[in-house]
Amino acid sequence: MTTRIHNFAAGPSTLPLTVLKQAQDEFLELPGAGASILEISHRSAAFEEIIEGAESNLRKLLTIPENYKVLFLQGGANLQFSMIPMNLLRESSKRADYIVTGAWGSKAVKESQKEGETKILWDGRNGNYTSVPNWQNLDLDKDSAYIHFTSNETIQGVQFQEMPETEANLVCDMSSDFISRPVPVDQFGLIYAGAQKNAGPAGATMVIIRDDLLERVPTGLHTMLDYRTHAEQGSLYNTPPAFSIYIIKLVTEWILTEFGGLSDIAARNEEKAGMLYSAIDSSEGFYRGHADENCRSRMNVTWRLKDEALESAFVEQAHKSDLHDLKGHRSLGGIRASIYNAMTLESVNALMEFMDTFKKQNA
Ligand code: PMP
């Protein structure tokens with residue numbers, strides 16, 4: 001028998017054990033269906049209950065107002081990089097503004113540039129993406145088609161700690177910190193997130209869109225790329241990623257029952273991140289955090305070793321101690337510990353102990 005590792009992968013990533021066990025229990029016979037979730041029609045009553053349950057849990061967790069639709073789409077957050085400008089910029093005679101705080105925001109810009117006028121409002125590239133801007137220093141123009149930003153940059157590990165109050169149409173890629181903390185949904189025009197970090201397995205991408213933005217979608221878009229198709233058909237225009245949506249329902253139920261809501265899970269996320277940052281800060285320079293202190297991610301903790309040549313030994317030895325997937329993204333190097341909602345305190349403790357031992361042996 002193999003044991004479950006401490007899984008620090010950036011996504012797909014660790015899921016709550018209780019959810020995995022429930023899915024295992026229900027795998028052959030989904031209650032009320034007499035067949036597996038993998039085998040039933042997406043038009044069946046059993047699946048209807050699942051997709052409605054997932055949506056209603058998300059609405060509860062995030063206090064999503066009535067005038068927003070919740071969509072379950074495919075194509076990952078990457079497809080949203082294109083769908084957003086296709087639906088909201090094309091033929092609008094407006095400009096889209098992008099705040100770029102890391103690799104994902106930078107990819108999003110490239111797709112927008114193919115669709116229309118795109119302005120980079122702020123770019124952290126020259127600072128090696130170690131920071132985020134102060135909202136007060138940005139011109140959030142309510143006349144632009146929308147203002148796009150990435151709440152948490154998964155590769156660099158920088159995260160906005162606050163959301164702005166603005167009349168502009170904010171569009172946010174929340175892929176890597178979705179449902180990890182409360183956010184004021186009513187301040188946003190559109191929020192999107194791939195499921196495979198905090199919410200479930202890969203397959204579904206959630207889009208929360210305010211109704212008035214749907215009215216701006218130009219006619220003539222390909223049916224599958226038009227938000228209105230999915231809004232009008234309750235995400236059932238085509239066959240949805242049923243298994244992913246089923247697990248999203250279970251994960252959101254887990255947050256509601258085990259934590260009560262997002263404030264409590266956010267407090268635990270703070271605690272876990274605080275533990276790792278304090279291990280970095282108290283290492284007398286042996287470990288060096290990547291992000292500036294005021295924008296350190298609670299989800300992806302990124303750091304370097306003073307002696308960068310030791311980084312591969314760190315990753316290899318950690319792996320031998322069942323601490324997996326700590327290698328930083330290939331574009332950045334260093335170490336990255338992804339500690340999403342389902343990451344346990346026990347696993348974070350195991351990593352802290354390893355960091356301490358490794359330092360003693362190599363300092
Ligand atoms: N945005 C962010 C912030 C991400 O972390 C990722 C995936 N790691 C993506 C976009 C791309 O997501 P997908 O692979 O689902 O297209």
Side-chain angles (χ1 to χ4, degrees), residues 7-15 71-86 96 98-112 114 122-125 129-132 146-161 163 170-181 183 188 190-208 224-225 230 235 240-241 243-245 247-248 251 269 273 290-291 295-302 325-332 336-343:
N7 178 3
F8 292 96
S13 43
T14 192
L15 288 169
L71 313 177
F72 297 94
L73 308 182
Q74 295 174 77
N78 271 286
L79 183 60
Q80 293 312 305
F81 296 165
S82 303
M83 275 180 79
I84 288 160
M86 282 174 160
Y98 278 72
I99 299 164
V100 182
T101 52
W104 293 109
S106 162
K107 281 195 166 180
V109 166
K110 291 196 179 89
E111 302 308 313
S112 176
K114 294 173 190 166
W122 191 89
D123 192 348
R125 183 185 299 270
Y129 296 127
T130 53
S131 61
V132 303
Y146 59 84
I147 298 171
H148 181 283
F149 72 104
T150 313
S151 51
N152 181 69
E153 279 285 356
T154 322
I155 293 176
Q156 281 79 12
V158 298
Q159 185 179 30
F160 281 90
Q161 309 300 316
M163 298 300 170
L170 281 184
V171 169
C172 184
D173 177 359
M174 280 191 200
S175 291
S176 52
D177 62 1
F178 189 63
I179 58 173
S180 72
R181 57 179 175 174
V183 289
F188 292 83
L190 187 153
I191 291 170
Y192 64 103
Q196 68 271 25
K197 293 146 199 315
N198 278 311
T205 307
M206 289 152 287
V207 174
I208 301 169
M224 273 297 284
L225 299 175
H230 305 288
S235 306
F243 186 73
S244 183
I245 296 169
I247 300 288
I248 292 169
V251 169
N269 288 332
H290 173 80
C295 57
R296 284 173 156 178
S297 170
R298 271 65 170 158
M299 299 278 103
N300 312 96
V301 180
T302 49
D325 275 293
L326 286 162
K327 193 172 185 308
H329 190 269
R330 59 192 178 279
S331 62
L332 187 69
R336 170 175 58 176
S338 296
I339 50 169
Y340 301 116
N341 282 349
M343 174 61 60

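Scope of the values below: all heavy atoms of this structure, side chains included, with no hydrogens, waters or symmetry mates. Whatever order the structure lists ligands and atoms in, that order sets their numbers, starting from 1. Residue numbers count from 1 along this sequence.
The salt bridge (Lys or Arg N to Asp or Glu O under 4.0 Å) check on D177 picks up R181, with sequence neighbours excluded. Partners of Y98 according to the ring pair (Phe, Tyr, Trp, His ring centres under 6.0 Å) rule, which considers only residues two or more places apart in sequence or in another chain, are Y146, H148. Contacts of K114 classified as side-chain hydrogen bond (donor to acceptor under 3.5 Å, both in side chains), with partners at least two apart in sequence or in another chain: E111.
Within 4.0 Å of ligand 1, counting heavy atoms only, the contacting residues are G76, A77, N78, F81, W104, T150, N152, T154, D173, S175, S176, Q196, K197.
Rounded to the nearest 0.5 Å, atoms CZ (F149) and SG (C172) are 3.5 Å apart.
Between V100 and W122 there is no side-chain heavy-atom pair separated by less than 4.5 Å.
Residues S297 and N152 bring a donor and an acceptor atom of their side chains to less than 3.5 Å of each other.
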